[in-house]
Protein chains: 2
Amino acid sequence: MLLELLKKELSYFTERQYKRNQIIYNEGDAPDGLYFIESGIIGLFHVSESGHETLLRVFSKNYIFGHRSLIAQENYHASSICLTPSRIYHISSSKFKELYTRNPEVLFEISKILAKELRASELRLSGLQDKSANRRIVESLVYLKLKHPNYTWTRKEIAEFAGSTFESVVRVMTGLQDLGLIEKKGRDFQVFDFEKMIDHSTTL
Amino acid sequence: MLLELLKKELSYFTERQYKRNQIIYNEGDAPDGLYFIESGIIGLFHVSESGHETLLRVFSKNYIFGHRSLIAQENYHASSICLTPSRIYHISSSKFKELYTRNPEVLFEISKILAKELRASELRLSGLQDKSANRRIVESLVYLKLKHPNYTWTRKEIAEFAGSTFESVVRVMTGLQDLGLIEKKGRDFQVFDFEKMIDHSTTL
DNA sequence: CGATAGATTGAGAGTTTTCAACCGATGTGG
DNA sequence: CCACATCGGTTGAAAACTCTCAATCTATCG
């Protein structure tokens, strides 16, 4: 929906190339327009005062990012970093304003995205208090691997998404392999049965 | 900002009265327009599968709620419950659409609210992994009591906001009283020094 | 082939919750 | 206005979960 709207307006955007691990914007920076992903995977990371990292969201093809700060008119509360090499369109704040003034549908679609992201965040908030670390790790494994089957997620990234430690992720993955639900392949892994994994998340 | 816009449109709204503990809408219900608070305090609670409750947000005078589901076009992911008797304006989904079509500024302001709520939620997500329970409890105490000095927050509500248990809240409050930073008054309490409380949150 | 980043495993430590018992405040009906 | 019921608060001790730390191993890449 938003996709079609933005594709029609690509002349407003400029395309940029980013390398793996390249920072697109940093926590604390002033908002700098809207980003729209042509290819690649981008992680949104928050680093707390004490140095703890959290993987808040994962963005990829045909999705936008930078929208939260842009709309809120607040500095970024987290940093966007490329997990893979990426091609990304960028539109300046002023051109973005021009765009949604001319086409209010764009604003509505972005609101919708914000609303869905808020739901997801609040459900994670609840899950963090309610679910065991193992359960959260399994769910994160399923979520991340379903979303990006070909990307090799590190244990650290998975832990930072699940709200746990990479050692705990390792233990859960070993357990799942013993149950025959996943198979480790070098640093990567393959999932055989997404459904059963969640059932076994208390068994580990 | 949104306040002025909505006040001009009160003829679009109908006013309703709610009692303490009355449920305004339930988790799982289809979205039902927008709510705008004339008076009272409303809590947004999520109850997980296992029965764990989380206090996600607190709404009060001149603020809206129900906007997330309305914009996302998703069922409510949490329930809105009156913490005090409340007077609340309500606008139907169709009239709301009419309103923001005629006045796109309204939509922009609501997007802004969503964006700020997303930030707050994600920072809590990070804090939940990063900060000690005591620290989170102290911060919640400060946040809730600064926001509503006259409301008697129960230990349970504070715990459900902080992501802890009511017993832990009790222990933290006893510690703060021993330090002379708060004073308990029956079930209520008074804060003497909001600043110092956070400093002492690791000491407890 | 060596260097480095990432993965694995075990044992120990610490924080936080859970459970249980008891206390105090608040409000209602007789 | 008192008595009692109920809801919320308090405290202590034990248990559990998860993390931390350290040592070792393996994959990957120049």
Side-chain angles (χ1 to χ4, degrees), chain A residues 19-21 48 50-55 83-85 127-141 144 151-178 182-190 201-204, chain B residues 19-21 48 50-55 83-85 127-141 144 151-178 182-190 201-204:
Chain A
K19 296 175 185 160
R20 173 168 159 72
N21 290 328
S48 75
S50 70
H52 185 99
E53 291 192 25
T54 307
L55 175 49
L83 301 182
T84 67
L128 218 39
Q129 295 161 55
D130 182 52
K131 295 172 183 166
S132 71
N134 284 1
R135 170 78 188 246
R136 297 194 313 266
I137 290 168
V138 170
E139 289 184 0
S140 301
L141 235 30
L144 294 172
Y151 176 68
T152 301
W153 294 98
T154 66
R155 315 312 191 233
K156 184 163 170 283
E157 286 161 355
I158 296 164
E160 285 170 359
F161 188 81
S164 182
T165 58
F166 72 94
E167 293 98 326
S168 293
V169 171
V170 168
R171 286 182 239 273
V172 166
M173 288 179 69
T174 304
L176 289 170
Q177 175 155 256
D178 292 348
I182 69 172
E183 185 178 2
K184 293 189 219 168
K185 291 182 164 184
R187 286 179 178 160
D188 201 5
F189 62 95
Q190 195 193 332
S201 59
T202 43
T203 323
L204 297 168
Chain B
K19 295 174 186 161
R20 173 167 158 74
N21 289 328
S48 75
S50 70
H52 185 99
E53 292 192 25
T54 307
L55 175 50
L83 301 183
T84 68
L128 219 38
Q129 296 160 53
D130 182 52
K131 295 172 182 165
S132 72
N134 284 1
R135 171 78 188 245
R136 298 195 312 267
I137 290 168
V138 170
E139 289 184 0
S140 301
L141 235 33
L144 294 173
Y151 176 67
T152 301
W153 295 98
T154 66
R155 314 310 191 235
K156 184 163 171 283
E157 286 160 355
I158 296 163
E160 285 170 359
F161 188 80
S164 181
T165 58
F166 71 94
E167 292 98 327
S168 292
V169 172
V170 168
R171 286 183 240 272
V172 167
M173 289 178 69
T174 303
L176 289 171
Q177 175 154 256
D178 292 349
I182 69 171
E183 184 177 3
K184 294 190 216 167
K185 290 183 164 184
R187 286 178 179 162
D188 200 3
F189 62 96
Q190 196 193 331
S201 60
T202 42
T203 324
L204 297 168

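Per chain, numbering begins at 1; letters A, B, ... match sequence-line order.
Summary for the helix from C:dC1-D:dG30 to C:dG30-D:dC1: the axes at its two ends, each from 5 pairs, differ by 40° when rounded to the nearest 10 degrees.
Residues satisfying the side-chain hydrogen bond (donor to acceptor under 3.5 Å, both in side chains) test with A:K19, not counting sequence neighbours, are none. Residues meeting the side-chain hydrogen bond (donor to acceptor under 3.5 Å, both in side chains) test with A:R135, sequence neighbours left out: A:E139. Shown here are the side-chain contact (heavy atoms from CB on, under 4.5 Å) partners of A:R20, two or more places apart in sequence or in another chain: A:P85, A:Y151. Taking A:S168 as the reference, A:T165 meet the side-chain hydrogen bond (donor to acceptor under 3.5 Å, both in side chains) condition, with sequence neighbours excluded. The side-chain hydrogen bond (donor to acceptor under 3.5 Å, both in side chains) search around B:D130 returns A:S48, A:S50, not counting sequence neighbours. Residues forming a ring pair (Phe, Tyr, Trp, His ring centres under 6.0 Å) with B:F166 (at least two apart in sequence, or on another chain): none.
Looking only at distances, a side-chain donor or acceptor of B:Q177 sits under 3.5 Å from a matching main-chain atom of B:K184.
Interface limits on DNA chain C: the 5'-most and 3'-most nucleotides within less than 4.0 Å of chain A heavy atoms are C:dA5 to C:dA11.
With rounding to the nearest 0.5 Å, the separation of CG in A:L83 from CG in A:L55 is 7.0 Å. Atom-to-atom distance recorded for A:E183:CD and A:D188:CG is 11.0 Å, nearest 0.5 angstrom.
Each of B:W153 and A:R171 has a nearest nucleotide on DNA chain D; the 5'-most of these lies closest to B:W153. Remark on DNA chain D: of its neighbouring residues B:T152 and A:K185, the 5'-side contact belongs to B:T152, judged by nearest-heavy-atom nucleotide.
Residues from residues 156-170 of chain A placing a heavy atom under 4.0 Å of any atom in DNA chain D, listed by number, are A:G163, A:S164, A:T165, A:E167, A:S168.
Contact record, A:T152 with A:E157: O-OE1, 4.3 Å, taken as the closest heavy-atom pair. Closest non-hydrogen pair, A:V169 versus A:R155, comes out as CG2-O, 3.8 Å. Contact record, A:I182 with A:M173: CD1-O, 3.6 Å, taken as the closest heavy-atom pair.
Look at CE on B:M173: it is 15 Å from C1' on D:dT11, rounded to the nearest Å. The distance from atom CZ of B:F189 to atom P of D:dG9 is 10 Å, rounded to the nearest whole Å. Atom C1' of nucleotide D:dT18 and atom NZ of A:K131 are separated by 18 Å, given to the nearest angstrom. For the pair A:Q129 CD and D:dT18 P, the interatomic distance rounds to 14 Å; values are reported in whole Å.
Applying the salt bridge (Lys or Arg N to Asp or Glu O under 4.0 Å) definition to pairs two or more places apart or across chains, those involving residues 160-170 of chain B are B:K156-B:E160.
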Restricting to nitrogen or oxygen on both sides, can you table the protein-nucleotides 23-27 of chain D pairs closer than 3.5 Å?
residue: D:dA27; atom: N3; partner: A:R187; partner atom: NH2; Å: 3.1

